[in-house]
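Sequential numbering from 1 along the given sequence is applied to the chain's residues. Whatever order the structure lists them in is the order used to number ligands and atoms, beginning at 1.
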Amino acid sequence: MTKKSPLSIAVFVSGTGSNLVSIYNAIQNGHLNAKIALVISNKSTAGGLMFARENNITAIHISPNQYDDMATYTEELLNLLKDHQVELVVLAGYLKIIPTAVVQMYKNKIINIHPALLPSFGGKGLYGKRVHQAVLDHGCKVTGATVHIVDEEYDTGGPVIQECVPVLDDDTVETLASRVLEIEHKILPKTIQLFADGKISIQGRRVFINRDEP
Ligand code: GRF
């Protein structure tokens, strides 16, 4: 059987970029048949942009703040994705909302990683440490990570993969975040591989993973 050509992806980051690194490593180790066509960040100082540059990946700083209006920004963003022949957009710790026109153009082809079990502890303002603090404050016994399809709102699209971790009695925001991050680094590359294999089908909010025939 001939090997499929690698899935061309864009990775959007706002912070450290450890999820970007996990994608990069999965590709390097041969576990993920994808190519990072470009890394985009709304923050010029994002660690993820530095990582991309150090590894010869096209890295672009683009933010709505650089433009007079949203329409021009959206057009630029779409052009970047088109020019790099992006097939799947991966939001990996990206804190800006994706413009509606981009969501529509890439319908069901944008995924996001969220550090909780959605729909709990998601939505505008719930990101990073705030999520884990909210989980602890609520007294939850489990939390986890969700990879979901991106729609026009924050964290509302249908989940593709969710995985749980326990919340321990002596957990702090930091210990919980690091346990969840470990899961994120597993399920994000895994989800991208499912897209690369054409194994994802979507009906409304429900995302199905097509299993191989026995
Ligand atoms: C991760 O917890 C991700 O789920 C969240 O922001 C954090 C980013 O981590 N959205 P990194 O930048 O990939 O290290």
Side-chain angles (χ1 to χ4, degrees), residues 9-29 31-32 34 36 38-55 57 59-63 88-98 103 110-138 140 142-167 171-193:
I9 64 172
V11 183
F12 284 43
V13 295
S14 294
T16 326
S18 71
N19 277 290
L20 166 67
V21 176
S22 77
I23 295 166
Y24 178 85
N25 288 341
I27 294 171
Q28 294 297 110
N29 298 337
H31 297 309
L32 174 54
I36 305 175
L38 80 161
V39 170
I40 283 182
S41 183
N42 60 308
K43 288 202 169 167
S44 60
T45 54
L49 274 189
M50 313 290 166
F51 176 83
R53 290 193 184 112
E54 281 160 15
N55 290 282
I57 299 166
I60 293 163
H61 167 227
I62 176 170
S63 154
L88 181 75
V89 174
V90 179
L91 310 185
Y94 187 67
L95 298 179
K96 284 261 176 239
I97 197 102
I98 299 295
V103 174
I110 309 179
I111 56 173
N112 179 46
I113 179 89
H114 184 77
L117 297 172
L118 291 173
S120 293
F121 306 108
K124 193 169 166 47
L126 272 171
Y127 58 87
K129 288 185 176 179
R130 294 181 189 199
V131 175
H132 305 296
Q133 187 64 62
V135 167
L136 289 174
D137 289 348
H138 195 80
C140 290
V142 290
T143 184
T146 302
V147 181
H148 66 94
I149 301 292
V150 170
D151 59 15
E152 283 90 345
E153 311 289 329
Y154 281 102
D155 303 329
T156 51
V160 185
I161 297 187
Q162 298 189 289
E163 208 172 305
C164 302
V165 297
V167 179
D171 263 334
T172 61
V173 165
E174 286 71 27
T175 58
L176 194 53
S178 97
R179 193 173 309 121
V180 171
L181 202 55
E182 225 174 281
I183 295 297
E184 295 183 41
H185 294 165
K186 244 176 54 191
I187 67 174
L188 189 54
K190 188 170 165 187
T191 305
I192 299 169
Q193 185 56 45

**Q.** Enumerated ligand 1 atoms positioned under 4.0 Å from heavy atoms of Thr16
**A.**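 It comes down to these atoms of ligand 1: 12 (O), 14 (O).
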(Q) Distance alone, cut at 3.5 Å: any donor-acceptor contact between the side chains of His185 and Ser18? (A)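 Distance-only check passes for His185 and Ser18.
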Q) Where is the tightest heavy-atom contact between Ala92 and Ile113, given as atom of each residue plus distance? A)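 Closest approach of Ala92 to Ile113: CA-CG2, 3.9 Å.
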Q: Of all the heavy-atom pairs spanning Leu32 and Gln193, show the shortest one and how long it is.
A: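 Taking every non-hydrogen atom into account, CA-OE1, 3.2 Å.
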Q. Between the candidates Ser22, Ser14, Gly17, Ala145, which shows the shortest non-hydrogen contact distance to atom 12 (O) of ligand 1?
A.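 The nearest heavy atom belongs to Gly17.
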Q) If you measure from atom 13 (O) of ligand 1 to every heavy atom of Val131, Val13, Asn19, which option wins on shortest distance? A)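 Result: the heavy atom closest to atom 13 (O) of ligand 1 is in Asn19.
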Would you mind checking which non-hydrogen protein atom is closest to [atom], with the distance to 0.1 Å?
| atom | answer |
| --- | --- |
| atom 2 (O) of ligand 1 | Glu184 OE2, 2.9 Å |
| atom 11 (P) of ligand 1 | Ser18 N, 3.4 Å |
| atom 8 (C) of ligand 1 | Gly93 CA, 3.8 Å |

Q: To the nearest 0.5 angstrom, please state how far the CG atom of Asp155 sits from the NZ atom of Lys124.
A: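 Rounded to the nearest 0.5 Å, the CG-NZ separation comes out at 11.5 Å.
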Q) Atom CZ of Phe51 and atom CD1 of Ile57: how far apart are they, to the nearest 0.5 Å? A)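 Rounded to the nearest 0.5 Å, the CZ-CD1 separation comes to 6.0 Å.
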